[in-house]
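Presented below is the structure to which this report refers.
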Amino acid sequence: QVQLVESGGGSVQAGGSLRLSCLASGYTRATNCLGWFRQAPGKEREAVAAIVSDGRTSVPDSLKGRFTISQDTAKNTVYLQLNSVKPEDTGLYFCAAGLPYCVTPSLDSNTYNSWGQGTQVTLSS
């Protein structure tokens, strides 16, 4: 059973940066896929980034150049670096672990079956 705990959220000014962390206990044994998703109030959950244990990553075209996913496998931790943040980046950011047979950095939420509680990112004016 994968346990996911996000941290690093908070208030950030537009144009600023923030790094989110996800501690994924049991990740190396249970799954090869970890992803970040976000959801704003009243809006659909959307993929932000995904990574596979071998280091391959995927980021939506709309976020490429601003968001970067990385991992520290020794610490079972995945990071999401948010740069040049915009007001529309506001939302609750979730870390997710994929099914055991997930072998690609999928941006499809259906690929994931374990989710953290989320960490809030709020853009300040």
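Starting from 1, each residue takes its place in the sequence as its number. Everything numeric in this text was worked out from a predicted model, so none of it was measured.
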Side chain to side chain contact (heavy atoms under 4.5 Å, CB included) involving Asp61 - partner list, sequence neighbours excluded: Lys64
From CA spacing to verdict: side chain to side chain contact (heavy atoms under 4.5 Å, CB included), Leu4, Leu34: CA-CA 10 Å; Leu4 305 172; Leu34 285 175; 4.2 Å; yes
Contacts of Asn110 that satisfy side chain to side chain contact (heavy atoms under 4.5 Å, CB included) - sequence neighbours left out: Asp108
CA sep, side-chain torsions, deciding dist, call: Val48, Leu63, side chain to side chain contact (heavy atoms under 4.5 Å, CB included): CA-CA 7 Å; Val48 171; Leu63 299 177; 4.0 Å; yes
Shortest non-hydrogen contact between Thr111 and Cys102, atoms and distance: CG2-SG, 3.4 Å
Using a 3.5 Å cut-off and no angle test, enumerate the donor-acceptor pairs between side-chain atoms of residues 85-96 and protein atoms at least two apart in sequence or in another chain.
unit_1: Asp89; atom_1: OD1; unit_2: Arg38; atom_2: NH1; d: 2.8
unit_1: Asp89; atom_1: OD1; unit_2: Arg66; atom_2: NH2; d: 3.1
unit_1: Asp89; atom_1: OD2; unit_2: Arg66; atom_2: NH1; d: 2.7
unit_1: Asp89; atom_1: OD2; unit_2: Lys86; atom_2: N; d: 2.7
unit_1: Thr90; atom_1: OG1; unit_2: Pro87; atom_2: O; d: 3.1
unit_1: Thr90; atom_1: OG1; unit_2: Leu123; atom_2: N; d: 3.1
unit_1: Tyr93; atom_1: OH; unit_2: Arg38; atom_2: NH1; d: 2.9
unit_1: Tyr93; atom_1: OH; unit_2: Asp89; atom_2: O; d: 2.5

side-chain hydrogen bond (donor to acceptor under 3.5 Å, both in side chains) contacts touching residues 2-24 (sequence neighbours left out): Ser17-Asn83
Trp36 side, atom CH2; Leu107 side, atom CG - distance, nearest 0.5 Å: 14.5 Å
Gap between atom SG of Cys22 and atom CG of Leu20 - 0.5 Å precision: 10.0 Å
Non-hydrogen atoms of Gly9 and Val121 that approach each other most closely: CA-CG2, 4.4 Å
Residues that Thr57 engages under side chain to side chain contact (heavy atoms under 4.5 Å, CB included), provided they are two or more places apart: Ile51, Ile69
Gap between atom CD of Glu46 and atom OG of Ser62 - 0.5 Å precision: 6.5 Å
For the student: nearest non-hydrogen atoms of Tyr79 and Asp72, plus distance: CE1-CB, 4.0 Å
Close side-chain approach of Ser70 to Gln81, heavy-atom, < 4.5 Å: no
Residues in ring-ring contact (aromatic ring centres under 6.0 Å, His included) contact with Phe67, at least two apart in sequence or another chain: none
Distance-minimising heavy-atom pair for Ala47 and Pro60: O-CG, 3.4 Å
Same cluster (ILVMFWY, side-chain, under 4.5 Å), Leu80 and Val12: yes
Shortest non-hydrogen contact between Gly98 and Tyr112, atoms and distance: N-CD2, 3.2 Å
Over all atoms of both residues, closest heavy-atom pair of Cys33 and Thr104: SG-O, 3.1 Å
